[in-house]
Amino acid sequence: MNQARPASMSAFWMPFTNNRDFKANPRLLVSADGMYYKDVDGNSVLDGAAGLWCVPCGHNQPKIVAAVREMVGQLDFAPTFQMGHPAAFDLAERLMDYTSHKFSHVFYTNSGSEAVDTALKMALAYHRARGEGQRTRLIGRERGYHGVGFGGLSVGGIGGNRKSFGPLLTGVDHLPHTHNLDLNAYTRGEPEHGANLADELERIVALHDASNIAAVIVEPVAGSTGVLIPPKGYLKRLRELCTKHGILLIFDEVITGFGRLTTPFAADYFGVEPDLMTTAKGLTNGVIPMGAVFSKAHIHDAFMSAPAGIELYHGYTYSGHPIACAAALATLEVFQEQDILGHAAAMQQYWADAVHALKGLPHVIDIRTIGLIAGIELAPIAGKPGARAFAAFKQAFADGVLIRVTGDIIALSPPLVLEKQHIDELFGKLTTVLQHLD
C-alpha cells in the first residue's frame, strides 16, 4: 500500500470536507492499530472518534482481519437476488441472537444511509400490505441525521445538509429537537427536562390524522448533530404514542448500535423497543461497508401474506456481501470473546469524569455524556459559526488526537477498547487545545 504523499490530490472530491482548506494542509492517515492511527509523517494519532463512530473493537483487530482475508480468497462476491451464500444466513441468525430475539429478521444494506431509506420504504410498503396504503406521511425530528439519501435527508433535520437539494420528499413533518441549554446543561446521562416534547406528535396527528401517518424515525441519541441525549421518559412516551396511533417507530441506531452506550443497542439502554431499527458502522467494525435493518415479526409477516412471488421489490447489488458478512461475524465474535460491552461499561465512569473535568475551560458552554459518547459545546465566534470548533479539530490533530466536530460542538466516541491511559492522553491534550483556543 502507498504510504507516501500522493503526487496530486486534485481529482478526489472529498465528502463532507472543506476541500480547499484540506488540500492546502492535508491530514493523511496511512495505517492504524488498536487505539491509534499513524499519519503520513509517521506521527501517532489517538483515535477519539472511532474513525467515524464505526470502530468499536479498535483498529487492525486480528480476528476480523483474518476473517476478511479468508473470505476474499474463498468467495469474493455472490449475489443475493434469488440465490444466496451461507455466511449471509449465519450472520442473520447471529444478529437475531445479539438482539436477544427482540427482532425476527434482518435486511442487509451497504451503509447507514441505505438502511434508513430501506426502513422508510418498508414502513410505507407494510401499511400498504395491510390495506392502509394511505399511510404515507413520515415524521422525523429537527437536528436529526439519517444519512444522505433523499429519504434520510427528508426526515433529517440538519439545515446545512438539506439546503442545497430542493424540496426533497413531500409529506414529511418534524418533531422539535430536545436540546435545551437553559434547563439541561452539563448533564450526565439523560437530562431531566423535555419528555413533554414527545407530545408534539399528538399535534402532528391532530393536523394530519393518524390514519395518514406511516412512521416516526428518531436517533435514540442524536450523534452527528452534536450528541443530543433524550430526556428521561421521552423515548418511552414516543413509543406509547406511536402504539396508540398505529404508527411505526423506527430507531436509527447507525451510531448507537453495537455498544456505544455500553449495551448492544440504545433500545436496550432505554428499555424501548422500536418496530424497525437501522444499523451500520460498528456492525463490521468499520472494516467493510455494511448496513442492516432489523424488523419485528409483524412487519415481515405482513409481506409474507401476499401472493407468491417477490414480496419486497427492494435491495442492493451488495446486500449481504460475503466479505462484509465475514467481517460482521468476526466482529460479533470479538464482542463476545473480549467482553467489549463489559469493558465499555467499566470505563464509562472514568470517561464521564474526564469529560466533565473540562467544565470551566475557555469557551465551553455545555458538556453532555452517556455511555462512551461525549458532546462538548463551545461558544461560537460571532459571525463565524463552526470556526472555533474547527480550529480545535485542526489543532488537536496536530497534537496527535483525532476528534470530530459538528458546528461548534466537539463529539467524542472512542473505540470501546480504550483504557484509562488513553482517556488521560485524550483529555490532557484536549485541555491544552481548549486553553489556547481563540
Check: Are the side chain of R388 and the backbone N or O of A379 linked by a donor-acceptor pair below 3.5 Å?
Finding: yes
Closest non-hydrogen atoms of G151 and L169, given as atom of the first, atom of the second and distance, are CA-CD1, 3.8 Å
- Query: Judged by modelled atom types alone, do Y350 and E419 share a side-chain donor-acceptor pair under 3.5 Å?
  - Reply: no
Partner of K102 under salt bridge (Lys or Arg N to Asp or Glu O under 4.0 Å), picked from D268, D275, D97, is D268
Applying side-chain hydrogen bond (donor to acceptor under 3.5 Å, both in side chains) to T432 and not counting sequence neighbours gives none
>> Let's go through K359 and Y186 carefully: what are the C-alpha distance in whole Å and the side-chain angles of both, what is the deciding distance for side chain to side chain contact (heavy atoms under 4.5 Å, CB included) to 0.1 Å, and is it a yes or a no?
In response: CA-CA 8 Å; K359 184 177 181 179; Y186 298 100; 3.5 Å; yes
* Within a radius of less than 6.0 Å around CD of E70, do more than 12 heavy atoms belonging to other residues, nucleotides or ligands occur? -> no
**OP:** Check step by step if side chain to side chain contact (heavy atoms under 4.5 Å, CB included) holds for F107 and S295.
**Re:** CA-CA 8 Å; F107 191 101; S295 167; over 6 Å; no
Is the closest basic N to carboxylate O distance between E202 and K244 below 4.0 Å?
yes
Smallest heavy-atom separation, G112 atom then A280 atom, equals N-CB, 3.4 Å
Between the CG atom in L95 and the OG1 atom in T279, the distance rounded to the nearest 0.5 Å is 7.0 Å
Does T118 form a side-chain hydrogen bond (donor to acceptor under 3.5 Å, both in side chains) with Y316? I'd like the steps, not just the answer. CA-CA 10 Å; T118 296; Y316 306 95; 3.1 Å; yes
Minimal heavy-atom distance between G371 and T262, with the atoms involved, is CA-CG2, 4.1 Å
With a 6.0 Å cut-off on the ring centroids, do F258 and W53 count as close?
no
**Asked** Do E377 and R368 meet the salt-bridge criterion of a basic N to acidic O distance under 4.0 Å?
**Response** yes
Residues passing the side-chain hydrogen bond (donor to acceptor under 3.5 Å, both in side chains) test with T109, sequence neighbours excluded, are none
Would you say the side-chain atoms of H177 pair up with the backbone N or O of R141, donor to acceptor, closer than 3.5 Å? no
field: Pair H300-S104, side-chain donor/acceptor within less than 3.5 Å
entry: no
>> If we count only N and O atoms by modelled type, under 3.5 Å, do the side chains of Y269 and T256 hold a donor and an acceptor together?
In response: no
Show the numbers, then the answer: is there a ring-ring contact (aromatic ring centres under 6.0 Å, His included) between F294 and F265? CA-CA 12 Å; F294 296 155; F265 301 96; 5.8 Å; yes
N-O pairing of R260 and E253 below 4.0 Å = no
Indicate whether any N or O donor in one side chain lies under 3.5 Å from an N or O acceptor in the other, for T278 and D252. yes
Check your understanding: Is the backbone N or O of V55 less than 3.5 Å from a side-chain atom of K281, with the two atoms forming a donor-acceptor pair by type?
Key -> no
| said: Do the side chains of D173 and R137 get close enough for a salt bridge, i.e. N-O under 4.0 angstrom? | reply: yes
For H363 and L437, the nearest pair of non-hydrogen atoms, with its separation, is NE2-O, 3.0 Å
R404 and A49 have their tightest heavy-atom pair at CB-CB, 4.2 Å
> Is a side-chain donor or acceptor of D408 paired with a backbone partner of G386 at a separation under 3.5 angstrom?
Replying inline: yes
Less than 3.5 Å apart, any donor N or O on the side chain of H59 or D47 sitting next to an acceptor on the other? yes
Looking only at heavy atoms, the pair that brings I247 and A215 closest together is CG2-CA, 3.6 Å
If you count heavy atoms of other groups shown closer than 6.0 angstrom to OH of Y318, is the number above 12? no
Assess the side chains of N184 and N180: does a donor N or O sit below 3.5 Å from an acceptor N or O? no
Just do the side chain to side chain contact (heavy atoms under 4.5 Å, CB included) check on L91 and L332 with the steps written out, would you?
CA-CA 9 Å; L91 175 60; L332 291 174; 3.9 Å; yes
dist L197:CG -> E142:CD (nearest 0.5 Å) comes out at 9.5 Å
R69, CZ: over 12 other non-hydrogen atoms inside 6.0 angstrom | no
Taking N19 for its side chain and T17 for its backbone only, find out whether a donor-acceptor pair lies under 3.5 Å.
-> yes
Do side-chain atoms of H105 reach the backbone of V293 as a donor and acceptor pair under 3.5 angstrom? no
- Is the count of non-hydrogen atoms from other residues, nucleotides or ligands lying under 6.0 Å from R188 atom CZ greater than 12? yes
CD (E240) and CG (L235) are apart, to the nearest 0.5 Å, by 11.0 Å
- Candidate pair Y234 and F270, rule ring-ring contact (aromatic ring centres under 6.0 Å, His included), full reasoning: CA-CA 10 Å; Y234 173 87; F270 295 111; 9.8 Å; no
Practice prompt. Apply the test side chain to side chain contact (heavy atoms under 4.5 Å, CB included) to residues I64 and V334: give CA-CA distance (whole Å), side-chain angles for both, the deciding distance (0.1 Å), then the verdict.
Written response: CA-CA 8 Å; I64 302 171; V334 171; 4.2 Å; yes
TODO: Evaluate whether atom CG of N18 has more than 12 neighbouring non-hydrogen atoms of other residues, nucleotides or ligands under 6.0 angstrom away.
DONE: yes
To the nearest 0.5 Å, atom CG of L181 lies from atom CG of D366 at 5.0 Å
Using a strict cut-off of less than 4.0 Å between a Lys/Arg side-chain nitrogen and an Asp/Glu carboxylate oxygen, indicate whether E273 and R239 qualify as a salt bridge.
no
Between the NE2 atom in H343 and the CG atom in L416, the distance rounded to the nearest 0.5 Å is 8.5 Å
Sequence neighbours excluded, the answer for side-chain contact (heavy atoms from CB on, under 4.5 Å) partners of P322 is M71, L75, A78, H85
Is the number of heavy atoms from other residues, nucleotides or ligands within 6.0 Å of NZ (K429) greater than 12?
yes
| request: Start with the C-alpha gap between D21 and K394, add the side-chain angles, then the distance that decides, and say whether salt bridge (Lys or Arg N to Asp or Glu O under 4.0 Å) holds. | output: CA-CA 11 Å; D21 178 89; K394 292 201 284 189; 3.1 Å; yes
Is there a donor-acceptor pair under 3.5 Å between the side chain of Q61 and the backbone N or O of C57?
-> no
Practice task
Walk me through it: do Y36 and E425 pass the test side-chain hydrogen bond (donor to acceptor under 3.5 Å, both in side chains)?
Solution key: CA-CA 12 Å; Y36 292 89; E425 180 183 352; 2.5 Å; yes
Next item on the list: Give a yes or no on whether a salt bridge exists between R237 and D199, defined as a side-chain N under 4.0 angstrom from a carboxylate O.
Entry: yes
- Message: Looking at S113 and V148, would you say the former's side chain and the latter's main chain have a donor-acceptor pair under 3.5 Å?
- Response: yes
So CG of N60 and OH of Y37: to nearest 0.5 Å the spacing works out to 11.5 Å
Heavy atoms from other residues, nucleotides or ligands near CD of Q336 exceed 12 (cutoff 6.0 Å)
no
Original post:
CZ of F150: more than 12 outside heavy atoms within 6.0 angstrom?
Top reply: no
